[in-house]
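Below you'll find the structure, written out as structure tokens, and then a few comments.
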Amino acid sequence: MAAYRILMADDHPVFRFGLSSLLGSHKSWEVCGEAADGPDAVEKCGKLQPDLLILDICLPLLNGLDAARQILKRNPAQAILVLTAVDSEQVIRDCLEAGVRGWVFKSDRTEDLTTAVEAMQRSKSIFSSRVSDLIMDGYKRHRGDPNAPRLPKLSPREREVVQLVSEGKASREVAAILHVTLATAETHRSNIMRKLEIHSIAELVLYAVRNEIVHVQYSSVLRFPHSGKGRTRPHSSSDHTVLPKAVNGRAAVVR
């Protein structure tokens, strides 16, 4: 019997190593490749044609949701199992609409993951119990406020530009990554700012965080007091969090 071929997409090398060891211990599974960012996942999925893609949502350059959309647009039959720490009801809904049929949280047990892979191998859909809870909570929230204002919806390409700009990429870098001209990249950026009615990169980063295009990863900002009497105060205002800055597909808080 041919091995069940699995492609992993996650930007943490240590996590990929552990996941590869876990999956490789199964006698009928084979890890056929690894991807460290969204475009890499899209390219390798098309090239390697895996039976299953295990995909994180928090990926640099192109987040997992938009990578899944591109992959499934090209190959609607591709099986994708999301393995992530993201617990956004809206992202879950968007993934389901795109065609994702499996979701496990990184906080779940290893047995939950292997059970999910076995289900995907049998062409079954499988979701962590928390997924249904999040969707139900979102349904109740939206039903309770049907007149809540909705922001304009961005196109897939505009979402890519938002992520890249929020990760600190200049227009020339955006153009190179997306294989478009500099003028096209700058036009996308201007159209996005006008559509969203925002006027600065800081506002764009906050939009990206709030709408799960990039994800916040907080560094430690707590300081223990020195030995002695009382607590020490921060030495300067630079010790405080001032603005989220996107790094590797996440918005990292910098001091």
Side-chain angles (χ1 to χ4, degrees), residues 7-13 15-16 33-47 53 55-74 82 84-86 88 90-91 94-95 98 151-219 238 241-255:
L7 172 65
M8 302 183 306
D10 192 286
D11 66 329
H12 290 96
F15 182 83
R16 291 199 308 271
E34 300 180 12
D37 58 48
D40 194 25
V42 174
E43 179 182 357
K44 286 183 177 175
C45 207
K47 182 178 180 180
L53 168 63
L55 179 70
D56 189 11
I57 294 298
C58 297
L59 292 176
L61 304 182
L62 182 70
N63 63 68
L65 167 59
D66 291 318
R69 283 172 169 160
Q70 290 190 19
I71 291 166
L72 290 166
K73 184 177 181 180
R74 299 177 186 179
V82 169
T84 189
V86 175
S88 164
Q90 186 58 54
V91 172
D94 289 341
C95 283
L151 290 173
K153 190 169 183 178
L154 299 181
S155 69
R157 177 46 57 91
E158 287 172 335
R159 284 175 56 89
E160 290 181 65
V161 173
V162 168
Q163 177 168 353
L164 293 171
V165 172
S166 298
E167 289 176 2
K169 302 292 189 296
S171 293
R172 289 187 183 278
E173 294 175 287
V174 173
I177 292 169
L178 299 181
H179 306 291
V180 298
T181 65
L182 175 60
T184 298
E186 290 180 338
T187 298
H188 279 310
R189 182 166 163 169
S190 297
N191 289 342
I192 290 166
M193 303 284 272
R194 183 171 58 253
K195 181 184 287 189
L196 299 178
E197 297 183 353
I198 56 181
H199 310 286
S200 70
I201 297 301
E203 289 180 277
L204 187 64
V205 172
L206 291 174
Y207 170 87
V209 171
R210 289 168 180 161
N211 290 274
E212 304 288 344
I213 297 173
V214 296
H215 298 84
V216 175
Q217 183 179 48
Y218 290 98
S219 59
S238 64
T241 299
V242 292
L243 182 68
K245 179 182 178 183
V247 178
N248 291 336
R250 299 169 174 82
V253 172
V254 295
R255 291 198 296 269

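Fair warning: this is a prediction, and the values are worked out from it, not measured in the lab. Heavy atoms only: backbone and side chains are in, while hydrogens, waters and symmetry mates are out.
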- So which pairs with a foot in residues 170-197 pass salt bridge (charged side-chain N to carboxylate O under 4.0 Å, His left out), sequence neighbours left out? Glu158-Lys195

- Task: Scan residues 57-68 for pairs that pass salt bridge (charged side-chain N to carboxylate O under 4.0 Å, His left out), counting only residues two or more places apart or in two chains.
- Result: Asp66-Arg69, Asp66-Arg159

- With Glu34, which residues qualify under side-chain contact (heavy atoms from CB on, under 4.5 Å), at least two apart? Met8, Arg16, Ser20

- Query: Could you give the distance from CD1 (Ile201) to CE (Met193), rounded to the nearest 0.5 Å?
  - Reply: 4.5 Å

- Message: Contact between Ile57 and Cys95 at the side-chain level, heavy atoms closer than 4.5 Å - yes or no?
- Response: yes

- Query: Roughly how far apart are Ser171 OG and Leu182 CG, rounded to 0.5 Å?
  - Reply: 6.0 Å

- Note on the structure: In terms of heavy-atom contacts, Cys45 and Ile71 come closest through SG-CG2, 3.8 Å

- Message: Once side chain to side chain donor-acceptor pair (under 3.5 Å) is applied, do any residues pair with Asp37, and if so which ones, sequence neighbours excluded?
- Response: none

- What residues, two or more places apart in sequence or in another chain, satisfy side chain to side chain donor-acceptor pair (under 3.5 Å) together with Thr184? Thr181

- Query: Taking the side chain as C-beta and beyond, is there a heavy-atom pair between His188 and Leu178 under 4.5 Å?
  - Reply: no

- Note on the structure: The reported gap from CD1 in Ile177 to CG in Leu61 (rounded to nearest 0.5 angstrom) is 5.0 Å

- Query: Which atom names give the shortest non-hydrogen contact between Asn63 and Gln163, and what distance separates them?
  - Reply: N-OE1, 2.7 Å

- If you measure from CG on Asp40 to NZ on Lys47, what distance do you get to the nearest 0.5 Å? 10.0 Å

- Task: Could you tell me the separation between the OG1 atom of Thr84 and the CG atom of Asp10, rounded to the nearest 0.5 Å?
- Result: 8.0 Å

- Contacts of Ser200 meeting side chain to side chain donor-acceptor pair (under 3.5 Å) (sequence neighbours excluded), chain-then-number -> Glu203

- Go through the structure and list residues passing side-chain contact (heavy atoms from CB on, under 4.5 Å) with Ala9, not counting sequence neighbours. Ala35, Ala41, Leu53, Leu55, Leu59

- Task: Return the minimal non-hydrogen interatomic distance between Pro13 and Asp11, and the atom names on each side.
- Result: CD-O, 3.4 Å

- Query: Does Arg157 reach the side chain of Glu160, with side-chain heavy atoms less than 4.5 Å apart?
  - Reply: yes

- Task: Give, for atom CG of Leu196 and atom OH of Tyr207, the distance between the pair rounded to the nearest 0.5 Å.
- Result: 5.0 Å

